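Note sheet for the following structure.
Everything numeric in this text was worked out from a predicted model, so none of it was measured. Naming: A, B, ... by sequence-line order, numbering from 1 per chain.
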Amino acid sequence: MKFGVVVSEGPYTHQASDSAYNFVKAALENGHEVPRVFFYHDGVNVGTRLSIPPQDERNIQKNWTALAAEHDLDLVICIAAAQRRGLLDENEASRQGKDANNISEGFRISGLGQLIEMGIQTDRLMTFGD
Amino acid sequence: MKFGVVVSEGPYTHQASDSAYNFVKAALENGHEVPRVFFYHDGVNVGTRLSIPPQDERNIQKNWTALAAEHDLDLVICIAAAQRRGLLDENEASRQGKDANNISEGFRISGLGQLIEMGIQTDRLMTFGD
Amino acid sequence: MSTLHTVNKSPFATGSLQSCLSHAKDGDAILMFEDGVYGATKGTTLADAVAAKGGSVTLYVLQGDADARGIAAARLIEGVTPVDYVGFVRLAADHDRTHAWL
Amino acid sequence: MSTLHTVNKSPFATGSLQSCLSHAKDGDAILMFEDGVYGATKGTTLADAVAAKGGSVTLYVLQGDADARGIAAARLIEGVTPVDYVGFVRLAADHDRTHAWL
Amino acid sequence: MDEKIKKFLYVNRKAPYGTIYALEALEVVLIGAAFDQDVSLAFLDDGVFQLVKNQKTDGIGVKNFSPTFRALGDYDVTKLFVEQESLDERGLTADDLQDIIYEDEDDDWAEKPSIRIVSRAEMADVMADQDVVLSF
Amino acid sequence: MDEKIKKFLYVNRKAPYGTIYALEALEVVLIGAAFDQDVSLAFLDDGVFQLVKNQKTDGIGVKNFSPTFRALGDYDVTKLFVEQESLDERGLTADDLQDIIYEDEDDDWAEKPSIRIVSRAEMADVMADQDVVLSF
């Protein structure tokens with residue numbers, strides 16, 4: 001079965017991104033497909049490569065990046081939500097005249113259409129938010 | 001009278017940073033002092049210079065940066081909260097081996113002690129959060 | 001020695017206003033702002049409880065937040081005073097401490 | 001055609017669980033996870049309402065979230081079934097849609 | 001699967017302005033309209049506040065996005081279900097909500113109201129009749 | 001002003017783990033302890049859940065910070081006010097909470113409980129007796 005997953009809250013502040021990670025991992029390990037994970041609202045902040053969590057805490061971004069690499073996951077950050085919140089890839093940064101970018105390996109930035117498409121093309125849509 | 005102000009939520013997602021901005025502006029324009037504004041929890045994200053809000057929306061970071069320049073405000077971002085969430089200045093970035101930084105002009109990163117000190121040295125403490 | 005309590009949540013979404021009402025002391029003030037302004041409106045399931053507390057504490061609402069949410073003056077509970085941000089600052093100065101009910 | 005409802009908020013903090021309970025249909029399932037697990041505990045002001053709904057919908061709680069919050073199995077309302085993340089995935093697959101009550 | 005039209009429900013349970021969920025939900029609805037699915041919006045709990053008329057945001061410096069609801073008809077988004085009990089609990093009636101209309105192409109472009117006030121039980125039926133539920 | 005000792009109250013009204021507020025509040029308390037102010041903690045509403053014993057977080061992959069509460073005595077943070085009504089509403093009693101103790105230097109280092117169960121009215125009195133109230 002194909003699961004689409006929405007993550008609506010930022011890392012650490014809300015448990016949403018942890019719960020989504022645990023759900024996706026369990027789905028993949030049990031023979032299901034997760035064609036896409038869509039990060040919306042503050043969820044876009046999960047994709048920053050600049051976070052440095054305390055050493056005795058989990059590294060949420062690295063967990064997602066590793067899971068994406070292992071299972072060839074499509075981790076999509078909503079461009080509109082990302083622009084408000086200061087999450088950029090190299091392309092966007094240069095297009096917008098910003099002097100830095102902060103997106104992590106394994107994530108890509110794209111439009112809201114990817115969320116709707118995910119809803120159309122998957123069998124179940126899961127939302128993890130606040 | 002001296003007001004200390006805490007901002008506990010990120011920009012756009014919650015109204016907290018807008019309300020705090022309006023409060024600080026009104027306080028300063030009416031003869032009060034605001035020796036420090038302390039950004040904690042997701043509030044640290046207010047200090048990113050990489051945000052690009054839609055042109056018909058307010059620019060929360062720029063509003064704070066301008067207010068700080070005009071009134072010589074001390075805008076402090078909590079380092080522990082910032083590290084979890086990926087907010088860095090140049091110094092921190094190089095110390096932590098990160099290849100980019102994203103803090104705005106007018107903000108500085110410091111420790112939680114600055115919050116307690118603010119509580120001790122001001123007459124009233126205002127919290128804007130969720 | 002009195003307290004300015006601030007409530008920024010809708011009382012229909014979270015328990016913040018109710019918790020504030022049950023801890024505020026006689027002579028305190030409560031300012032409802034952001035989504036908290038819904039707590040200042042008439043005819044709701046909570047209006048009687050809010051109005052009753054108005055006997056011992058002073059109730060305020062932030063005008064700009066009420067306007068944003070389409071709450072006309074006529075819909076405010078009797079005795080609730082609208083203030084602007086300057087009024088908010090004055091309330092904070094006039095009370096001995098501020099307690100934010102997040 | 002049935003729905004898996006998910007509730008991740010404490011029922012003492014927000015109205016999500018109550019809203020979910022009043023919209024879930026017979027044969028649906030409700031999974032309480034994250035802070036939602038508090039809704040599955042005995043002896044609270046809401047326990048009777050939750051237990052009553054258990055007659056027409058199936059109630060689940062995410063074990064890991066209950067453990068994190070120190071909720072022992074004995075404190076769960078009668079009829080609430082603990083599941084792990086694999087069970088969560090199975091519930092989502094076994095119902096026709098998922099409705100997250102944020 | 002590519003050809004199948006799915007029923008999408010956007011669930012709005014939060015008030016506007018205090019948080020961004022209402023605005024960003026509306027942005028999804030506008031983009032989603034291009035995908036030719038069967039779209040409905042549900043407004044319940046504090047979500048009903050999103051549709052209240054006469055919103056004026058100048059005093060708080062944020063954008064008033066409430067006029068966008070009136071444009072939904074142009075995007076063929078014409079089913080806005082609003083829960084009666086949620087209105088009642090908040091001291092609101094249908095008259096407190098914006099007039100939102102659409103032109104019905106199947107009825108000689110007659111103007112019709114997009115807002116449909118439904119009971120809680122009817123809202124539960126609407127929710128149970130969907131393929132995809134997006135919550136904000 | 002520099003010499004004056006202020007009364008600081010840290011107000012905890014949120015459950016642990018679902019959000020980070022409880023953990024980050026505790027981090028403020030630990031840092032604040034170095035400033036030699038008169039510190040109290042209030043636990044009410046869902047904040048009482050923070051003190052529940054036997055928290056085991058392995059299943060959700062987040063850090064269990066509840067043992068830190070037991071270390072507060074070492075930081076001279078010894079006044080943890082917990083509201084009885086909040087416990088009652090949640091089906092909890094004092095027995096469900098961790099034992100948190102401190103050694104009283106004014107009483108020959110006798111071990112004493114840091115948790116003080118108070119009524120809602122007493123909690124209101126505690127709140128009204130502060131210089132600085134920090135809310136989480």
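- Judged purely by atom type and a 3.5 angstrom limit, B/Arg124 has no side-chain atom pairing as donor or acceptor with the backbone of C/Asp94.
- Listed for the C/Asn8 side chain is no donor-acceptor partner under 3.5 Å among the backbone atoms of B/Asp130.
- To the nearest 0.5 Å, the span separating CG on C/Leu4 from CE on B/Met126 amounts to 6.0 Å.
- Here the closest non-hydrogen pair linking B/Ala26 and C/Val86 is CB-N, 4.0 Å.
- Residue contact with chain C, scored on non-hydrogen atoms closer than 4.5 Å, involves the backbone and the side chain of B/Asn22 alike.
- Residue C/Asp65 touches chain B through its side chain alone, counting heavy-atom pairs closer than 4.5 Å.
- Within a 6.0 Å sphere centred on NZ of C/Lys53, heavy atoms belonging to other residues, nucleotides or ligands number more than 12.
- To the nearest 0.5 Å, the span separating OH on C/Tyr85 from CZ on B/Phe23 amounts to 9.5 Å.
- Heavy atoms of other residues, nucleotides or ligands lying less than 6.0 angstrom from CD of C/Gln18 number 12 at most.
- Within the 4.5 angstrom heavy-atom criterion, no atom of C/His99 approaches chain B.
- By the neighbour-count criterion of 12 heavy atoms within 6.0 Å, atom CD of B/Glu57 is densely surrounded, having more than that number from other residues, nucleotides or ligands.
- Remark: C/Thr6 OG1 to B/Phe128 CZ distance equals 7.0 Å, nearest 0.5 Å.
- Proximity to chain C (any heavy atom under 4.5 Å) is restricted, for B/His32, to the side chain, taken from C-beta onward.
- Atom-to-atom distance recorded for B/Asp123:CG and C/Thr98:OG1 is 11.0 Å, nearest 0.5 angstrom.
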